Amino acid sequence: MTASERDGSPLLLVDTHTLIWMVEEAPRLGVQTAEALNKAGRGNRIAVSAITPWEIALLVSKGRLRLGADVMQWIREALTKPGVQLAPLEPEIAVASTRLPFEMHPDPADRILVATARHLGATLVTADGALLGFARQGHFVALDAAV
């Protein structure tokens, strides 16, 4: 049994859009995923990569995302949701994101998410088709956030 499954619930690393859908209770979040997140939350098993607040703030600054509050306030509140923990951007993760053992697009946030999931042994919760494709190839474990 892996460390991420010791309590019966895997550690779930949420992609940026998954965190937004979870916090905003968006209908795009799949029923099965919402149930998995609720279970993981009860066991303090939801991780948010340190790159995610940066990505959210970037989307807001570019006008591609609107939040119901100031971005810093929204992020602080999101990180206080039950079971949510911030996964630091450790040097090992930063370096690993540049040395993934498979060919991946250059998006730095996605590379850090994947490296973080691999480093933590976490399941990446995402609706990103490219990331789900890499997971289907066996490079990491992922859960489709829309399911």
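All figures in this text were calculated on a predicted structure; none of them were measured in a lab.
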Check: Ile20 and Leu65 side chains under 4.5 Å, non-hydrogen atoms: yes
Pairs flagged by side-chain hydrogen bond (donor to acceptor under 3.5 Å, both in side chains) wherever residues 18-27 is involved - sequence neighbours left out: Glu24-Trp74
Shared hydrophobic cluster, Leu37 / Leu86 (ILVMFWY, side-chain heavy atoms < 4.5 Å): yes
Approximate separation, where rounding is to 0.5 Å, of Arg45 CZ and Lys39 NZ: 11.0 Å
Minimum side-chain heavy-atom gap Leu132-Thr126 below 4.5 Å: yes
Shortest non-hydrogen contact between Ala57 and Val71, atoms and distance: CA-CG2, 3.8 Å
Residues in side chain to side chain donor-acceptor pair (under 3.5 Å) contact with Gln137, at least two apart in sequence or another chain: His139
Cluster check Leu67, Val14: I/L/V/M/F/W/Y, side chain < 4.5 angstrom: yes
For Gly129 against Arg136, the heavy-atom pair lying closest together: O-NH2, 4.3 Å
Validation row: Leu131, His105 side chains within 4.5 angstrom (heavy atoms): yes
Hydrophobic cluster identity match, Leu79 and Leu59, side-chain contacts under 4.5 Å: yes
Approximate separation, where rounding is to 0.5 Å, of Thr116 OG1 and Arg118 CZ: 11.5 Å
Pairs touching residues 85-100 that satisfy side-chain hydrogen bond (donor to acceptor under 3.5 Å, both in side chains), sequence neighbours left out: Glu90-His119
Atom of Ile112, atom of Ser49 and distance for their closest heavy-atom approach: CG2-OG, 3.9 Å
Ring centres under 6.0 angstrom apart (Phe140, Phe134): no
Pairs touching residues 51-68 that satisfy side-chain hydrogen bond (donor to acceptor under 3.5 Å, both in side chains), sequence neighbours left out: Thr16-Glu55
Flag side-chain contact, heavy atom, 4.5 Å: Asp110 against Val114: no
Any side-chain heavy-atom pair of Leu19 and Val23 under 4.5 Å: yes
Closest non-hydrogen atom pair, Ala117 against Leu124: CB-CB, 4.3 Å
Beyond-backbone contact of Leu12 with Pro10, side-chain heavy atoms, under 4.5 angstrom: yes
Expected output: side-chain Arg111 to main-chain Met104 donor-acceptor under 3.5 Å: yes
Rounded distance [0.5 Å steps], CG in Leu113 versus CG in Asp15: 5.0 Å
Criterion side chain to side chain contact (heavy atoms under 4.5 Å, CB included) on Leu13 and Thr123, from CA distance to verdict: CA-CA 6 Å; Leu13 176 67; Thr123 297; over 6 Å; no
Smallest separation among heavy atoms of Met22 and Ile46, with atom names: SD-CD1, 4.2 Å
Sub-4.5 Å side-chain heavy-atom contact between Pro108 and Ile51: no
Side chain to side chain contact (heavy atoms under 4.5 Å, CB included) against Ala34, all qualifying residues, sequence neighbours excluded: Leu29
Asn44 to Gly83 - nearest heavy-atom pair and separation: OD1-CA, 3.3 Å
Residue list, side chain to side chain contact (heavy atoms under 4.5 Å, CB included) with Val147, at least two apart or on another chain: Gln32, Asp144
Linked, directly or transitively: Val125 and Val31 (ILVMFWY side chains, under 4.5 Å): no
